[in-house]
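What follows is a set of notes on a single structure, which appears directly below.
What you are looking at is a predicted structure, and each value in this text was computed from that prediction instead of being measured. When a ligand or atom number is given, it counts from 1 through the structure's own listing order.
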Amino acid sequence: MRFSDLSSSSVFASLLLTLPSLSAAFYLPGVVPTSYDEGQVVPLYVNRLTPGLARQDDQLHSVLSYDYYHPAFHLCRPKDGPQDVRESLGSILFGDRIRTSPFELHMAKNETCKAVCEPVTFDSRSAMFTNRRIVQGYNINWLVDGLPAAQLNLDSITNTQFYSPGFALGSIHESGQPVLHNHFNILIDYHHVGLGSKDKYRVVGVLVQPESRLRSTALSDGSAECGDDGDTTPMVLAEDGETVVSWTYSVYWRESPTAWATRWDKYLHVYDPKIHWFSLINSAVFVVFLVGMVSMILLRALKKDIARYNRLDVMTLDDLDGTSAAIEDGIQEDSGWKLVHGDVFRCPQSPLLLSVLLGNGAQLFMMTGVTVAFALLGLLSPANRGFLATAILLIYTLFGFIGGYVSSRAYKSFGGEAWKRNILLTPLLIPGFIFAVFFLLNLFVWAQGSSGAVPFTTMLALVAIWFVISVPLSVAGSWLGFKQRALEGPTKTNQIPRQIPPMSGTLRPIPSLFLTGILPFAAIFVELYFIMNSLWTNKIYYMFGFLFVCYGLMIITSATTTILLVYFLLCAENYRWHWRAFAGAGMTGGYVFINALIFWATRVSFGGLTGAVLYVGYSALIGFLVFVLTGSIGFFSSWAFVHRIYGSIKVD
Ligand SMILES: *[C@@H]1O[C@H](CO)[C@@H](O)[C@H](O)[C@H]1NC(C)=O
């Protein structure tokens, strides 16, 4: 059984099957080839229509996707109605709606000019709707034997050809009118394999060259006339009357030397690899420089501080003749961070909220790390539709245990007492917030009649997975965390809090926030651009090697810059470092959001409110997740740092 196969109707039943068949996940569904006999039917499935970058201005005009069988498109349905094809939960969440279609493909049999169905009539309303989608650059998505039907593209920089999934619903004619593609030339690459004595064939590439042909007509006897006589008059949908349209197609099978195992290579085209290398080397050099500088400054300064503190300590014990007081005064005057040893481990403000954020941050950290590592090993290849999304969801759910453990341990170490609230809020607060935002945004999509709306059953399944798997795991983790002893600081906390002197310059909250967050953001900036691009324009993202290195660089920069910030704060006798460290590193998420807004201003032009709300909403959600993630990284590295430095000085 395919582990990732959870059809939307049987999600509940499959829920319980999810865990036991986890081991089957590594057997990689979709990796076993399907071999066909000559003439055997190869099914063609249809997926939703997705927005792409419009050809005329290279901008993204919409983020909504539409069901293939949306009535306004009048695309042909199978005789007995379209059937749902089983899909993974992740692929449903990310908007796939895969259905059967009336196309008939026979392995290795060329067929020219067939009608898909009887002629259809566009009234003025659906003509207007469809024309708008054509102008917005919508693409049709098909799947043949698990491969997306693609359009051939040329990368002008490297001068190589590659397949980009999806083909245009229509195009803009020279006259400036939108024209509908009503004829499909389907070119399928097949690979011949000899299995035993039998000849078998496998699908290794699917290209579609759509055309707009007014002359295409489906005849009443089921045959068709495709206008192959060179008449290139396009099919224009009249917006002031009715237009009769015939959908026709031709299938050409081309023998290919490409083996089945490498059939995805053409699809996984890396746009401009030079940019990735350039940015990677750039950030790597930058990070090495930064880390080197920080550790040098810090280590030298700290060594000096620690040596001085400890020497003075010894001297104070040695000369009991009154000079000690003077020396003590000397320390009091010129040295920074030792002064706050009696306050630095004081409980932070809102320890409950902080510990909940930290628990969820740890959970996110583990999830992203494991997912990127899996992807790097090729375990999450795009050949397994929706597998990446399903894996992310599952890994995140299972790491609920870590979230609970970290949250309760941190809370106990802060000296928090409301442990019941901590146990409850850790698995509920942040996931609940994310789910609520997701649900609201989904309502918007749903109101637009777009297929991007996640079905209600899937929503319920998500909630069920959460309560059945993640919450108990988190509670178990919390329980274990509370049983451990609290991580106490190496110095005792004074009864009376010290006065914090006013901060000046970059140590004030707002400037320090913006300064700390910019460095980790710089490390991920370019990769983020590509991820956003593929997320919104439905391109395949497959540069996990780059992503893995970027993730590592981001962790290192978050940790280093936050440690530096905390050191400066402590030197300025400000012992309230907890939230400053969290928010400073977390500001990376703020930059991610700002970056999304810049992307919006330059590459996106939405007509309606819905698109804008969705775009801003999802960007804010992503920014928030990055905030929690990097904030936790910054906090924990600072925590380790503070424990380390105060552990190495002697305090009486
Ligand atoms: C089918 O058509 C393609 C493209 O025209 C051609 O290369 C191929 O040889 C044809 N195949 C068969 C089986 O006739």
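Remark: the Asn595 side chain and the Tyr529 side chain contain no N/O donor-acceptor pair separated by less than 3.5 Å. Between the side chains of Asn131 and Glu239, at least one donor-acceptor pair of N or O atoms lies under 3.5 Å.
Rounding to the nearest 0.5 Å places CG of Leu394 at 10.0 Å from OG1 of Thr371.
Of the possible donor and acceptor atoms, one in the side chain of Ser212 sits under 3.5 Å from a partner among the backbone N and O of Leu180. Asn182 contributes a side-chain N or O that, together with a main-chain N or O of Arg213, makes up a donor-acceptor pair within less than 3.5 Å.
Phe599 places a side-chain heavy atom less than 4.5 Å from the side chain of Tyr615.
The 4.0 Å heavy-atom shell around ligand 1 contains residues Ala108, Asn110, Tyr252, Trp253, ordered by chain and number.
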